[in-house]
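This is a predicted model, so every value here is computed, not measured.
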Amino acid sequence: FVYLCDLETHSLYYLNAAGQKLFGVRDYRGKPCYKVLRGRNTPCPFCNNGQLLQNTFSVWEQENPYCQRHFLLKDRIINYRGRKARLEVGLDITRGELVSQAAQERLDFAEKIVGYMNTLADNENYEEAVNRVLASVGDFYQADRAYLFQPSAVRAGYWCNTFEWCAVNVTPQMDRLQEVSQEEL
């Protein structure tokens, strides 16, 4: 989207068709940019009109909760009909931002797995290591419990809860979860 507004009064002079569609407005001329583009009744607390330059674009990115989009923004001062005006170009990067967040979440998860593997490899006491990993997994997923089931030594196709971590005030289920069938598991 592209818009042009008065630097002092914030009144909109121009909003292109993409901006009109994005913000759901046709009658924008003379209305304050903060009302049309942000749904606010007062100027934005992050407004950078005082820092804008005439010959250089200011480039920044920001989430706009009003339209639920993430933008890369470029703005600068231009002269318009004898007055100083803000020219802003906004590029919707919401999809890229969501992809970036998903990639970061996958990276965080992978780092957790590496940490779990290091705990298991570096700790000589297997039981202590497993309990530490289960506590980390439970904390990571904000779970009530984390279990480790192993195949039953007595019955083929059945599983036994051999390790269990429980959050505070959560009742353990280890005794109840022995010789659990494959289907139930």
Side-chain angles (χ1 to χ4, degrees), residues 1 18-19 21-25 34 36-48 51 57-75 88-185:
F1 69 92
K21 182 178 177 183
L22 179 65
F23 297 105
V25 64
Y34 51 82
V36 174
L37 307 176
R38 299 286 180 160
R40 298 177 52 85
N41 293 321
T42 57
C44 302
F46 51 82
C47 182
N48 63 350
Q51 291 83 39
F57 274 101
S58 172
V59 179
W60 52 301
E61 64 178 84
Q62 189 177 53
E63 185 80 21
N64 184 333
Y66 183 61
C67 64
Q68 299 178 342
R69 309 304 294 168
H70 194 93
F71 295 103
L72 178 63
L73 303 165
K74 290 177 61 175
D75 29 35
E88 183 166 280
V89 178
L91 177 63
D92 186 350
I93 59 170
T94 305
R95 185 171 189 273
E97 186 64 22
L98 292 174
V99 168
S100 177
Q101 288 172 1
Q104 185 61 50
E105 288 170 7
R106 285 193 301 272
L107 180 60
D108 291 345
F109 179 73
E111 288 174 355
K112 279 285 188 192
I113 296 297
V114 169
Y116 301 153
M117 298 308 294
N118 287 338
T119 298
L120 291 171
D122 295 344
N123 200 323
E124 291 182 23
N125 183 328
Y126 178 73
E127 185 173 330
E128 182 183 315
V130 170
N131 285 324
R132 286 179 53 197
V133 168
L134 288 178
S136 293
V137 169
D139 183 57
F140 180 76
Y141 285 109
Q142 299 175 3
D144 290 339
R145 294 182 188 84
Y147 309 106
L148 177 63
F149 281 83
Q150 294 178 323
S152 171
V154 181
R155 295 171 69 186
Y158 284 78
W159 296 82
C160 296
N161 178 1
T162 54
F163 291 93
E164 179 178 26
W165 167 87
C166 293
V168 176
N169 298 325
V170 174
T171 305
Q173 299 294 311
M174 185 178 282
D175 292 338
R176 197 177 72 73
L177 297 174
Q178 299 301 317
E179 303 300 326
V180 177
S181 69
Q182 179 73 36
E183 294 79 24
E184 189 178 349
L185 187 61

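The minimum heavy-atom distance between L37 and N64, with the atom names listed, is O-ND2, 3.0 Å. Considering every non-hydrogen atom in both Q68 and E63, the closest pair reads C-OE2, 4.4 Å. The two residues V170 and D144 make their nearest non-hydrogen contact at CG1-O, 3.7 Å. In plain terms, the two heavy atoms of P172 and C166 that are nearest each other are CA-SG, 3.6 Å. Of all non-hydrogen atoms in G138 and W165, the two that sit nearest each other are CA-CZ3, 3.4 Å. The shortest non-hydrogen separation linking Y34 to P43 is CD2-CA, 3.5 Å.
In this structure, CZ in R132 is found 10.0 Å from CG in N125, a value given to the nearest 0.5 Å. The structure places CD1 of I93 at 4.0 Å from NE2 of H70, a figure rounded to the nearest 0.5 Å. For the atom pair CD of Q51 and CH2 of W60, the computed distance is 10.0 Å after rounding to the nearest 0.5 Å. Note that the NZ atom of K21 and the SG atom of C67 stand 13.5 Å from one another [nearest 0.5 Å].
At least one donor-acceptor pair closer than 3.5 Å links the side chain of N131 to the backbone N or O of E127. R145 places a side-chain N or O within donor-acceptor distance of the main-chain N or O of T171, the cut-off being under 3.5 Å. One N or O on the side chain of Q178 and one on the backbone of N161 form a donor-acceptor pair closer than 3.5 Å. Side chain of E164 to backbone of Q173: a donor-acceptor contact under 3.5 angstrom is found.
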Would S58 and K74 count as a side chain to side chain contact (heavy atoms under 4.5 Å, CB included) here? Give the steps.
CA-CA 5 Å; S58 172; K74 290 177 61 175; over 6 Å; no

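Residues Y147 and W159 form no side-chain contact, since every pair of their non-hydrogen atoms from C-beta on lies 4.5 Å or further apart. Side-chain contact between F163 and V133 is absent, with no heavy-atom pair separated by less than 4.5 Å. At least one side-chain heavy atom of L73 sits less than 4.5 Å from a side-chain heavy atom of F1.
Below 30°, between 30° and 60°, or above 60°: for F71 and F23 the angle between ring planes is between 30° and 60°, a tilted geometry.
The number of heavy-atom neighbours closer than 6.0 Å to CD of Q150, taken from other residues, nucleotides and ligands shown, is above 12.
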